[in-house]
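The sequence lines fix the lettering, A, B, ..., with proteins before strands; numbering per chain opens at 1.
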Amino acid sequence: MSKLATRDGIGSDLLDWYEATKRDLPWRRTRDPYAIWVSEVMLQQTRVETVIPYWERFLERFPTIEALADAPEPDVLKLWEGLGYYSRVRNLQKAAQVVKERHHGIVPDNLDEMRALPGVGPYTAGAVQSIAYDRDVPAVDGNVFRVLSRLYLIEDDIMKPKTRKIFEDLAEFLIPAGRAAAFNQGLMELGARVCVPKNPRCGTCPVQAHCKGFAEGVAESLPVKEKKKPPRPVDMTAAILRDGDRVLIRRRPDKGLLASLWEFPGGERLPDETLEQSLTTHLCQDLGLTVEPLHLFAQVEHTFSHLHWNLRVYECAVRSGQVRVAEDVQWVALADLEDFAFPVAHQKIVKQLVGLI
DNA sequence: CACCCGTGGGG
DNA sequence: TCCCCAAGGGT
């Protein structure tokens, strides 16, 4: 750490630049720890421009910890529809319930208690504690990894968990006393607007003079990051079952991919399965129905972070069996489909269906 | 540690 | 088109 014993001007240069140029983001207009927390969860792996309208709607509908804690989960999920990584909001609501019941509805003002809440990891805890409570703790996200790896020419693979401590220690060391809120946000802002992954704007960088990566001409090749594997292709089938103006939908399991979202019934079609076999497997086992595919209604390609669905949707006729309507299996009028939270892949089907009205 | 968990935008 | 990626966390 001795070679880093030059806290030099990074802190003050970055703070000056941040205060002078920071964006006017809605969550920067509040000091409410809950509102800031919500923004940090939404911003996980998600762009600022995408988050803004979601954050506005979410805070309007659930303005307090208690409002979120007491809300029906389907309502919460509906407001998150389209944002992805849905376990984020399920954990957020669980955490809100813990805060309501065990912390008098007040977001904990220390790192350990915050970290203990579901969905709160090292980044989110550090971000909320520094931004909302002015605690001098680091908040290391992807931007900070990139900025610091360039500034100090650190070549450790940032995808490896053990690398995290190197950057957290450095980020903490660099915090100007009492200024973690602005400093942490300054590092992230710099990563988002100047020290970007490709074609970094080193010419306008406020800390270029301190940047070892720039001096060595290797800034753009940092950080070192292992490539991730391409998404695995999966064939999927889904059935449109109609009864007058109503269609059958069901809720996905409360764990795993797209947990608790609604969908048109179906599932994975294994490589050696026929269409009928696949539909029978999923509809018969899950709903007690056998069906006959009538015609291809839609074909949807959808890529997730780790999967690629080729989803074939067939309008079907019920051949035998009776639909067991339950809390998680419902006939819904086309006009009411919008009340349910669907994953994007199935929203494409909803659009076609509603277009028929 | 390796893998799972979404989505939309940009180069 | 394809690949990368964006204020990560859970298991």
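- Across B:dC5 and C:dA6, the matching P atoms stand 22 Å from one another, rounded to whole Å.
- The separation between A:K229 atom NZ and C:dC3 atom P is 15 Å, rounded to whole Å.
- One donor-acceptor pair, N or O on each side, does fall under 3.5 Å between the base of B:dG6 and the side chain of A:T46.
- Residue A:K225 has its side chain nearest to C:dC5 when only C:dC5, C:dC4, C:dG8 are considered.
- A donor atom on one side chain and an acceptor atom on the other are found under 3.5 Å apart for A:N310 and A:Q299.
- For A:F58 and A:F62, the distance between ring centers is under 6.0 angstrom.
- In this structure, of C:dA6, C:dG9, C:dC4, it is C:dG9 that holds the atom nearest to the side chain of A:P122.
- When heavy atoms are screened at a 4.0 angstrom cut-off, A:G82 is found touching the sugar-phosphate backbone but no base atom.
- Side-chain proximity of A:F304 to B:dT7, B:dC5, C:dG8: nearest is B:dT7.
- Counting to the nearest Å, the P atom of C:dC3 and the NE2 atom of A:H308 are 12 Å from each other.
- Of the N and O atoms on the side chains of A:T280 and A:T290, not one donor lies less than 3.5 Å from an acceptor on the other residue.
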**OP:** Begin with the C-alpha distance, continue with both residues' side-chain angles, and end with the deciding distance and a verdict on side-chain hydrogen bond (donor to acceptor under 3.5 Å, both in side chains) for A:R28 and A:Q185.
**Re:** CA-CA 10 Å; A:R28 287 180 177 163; A:Q185 292 183 85; 3.3 Å; yes
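- Minimum atom distance to the side chain of A:S305 is reached by B:dG6, of the listed C:dG9, C:dC5, B:dG6.
- Comparing atom distances between the A:Y85 side chain and each of B:dC5, C:dC4, C:dA6 picks out B:dC5 as nearest.
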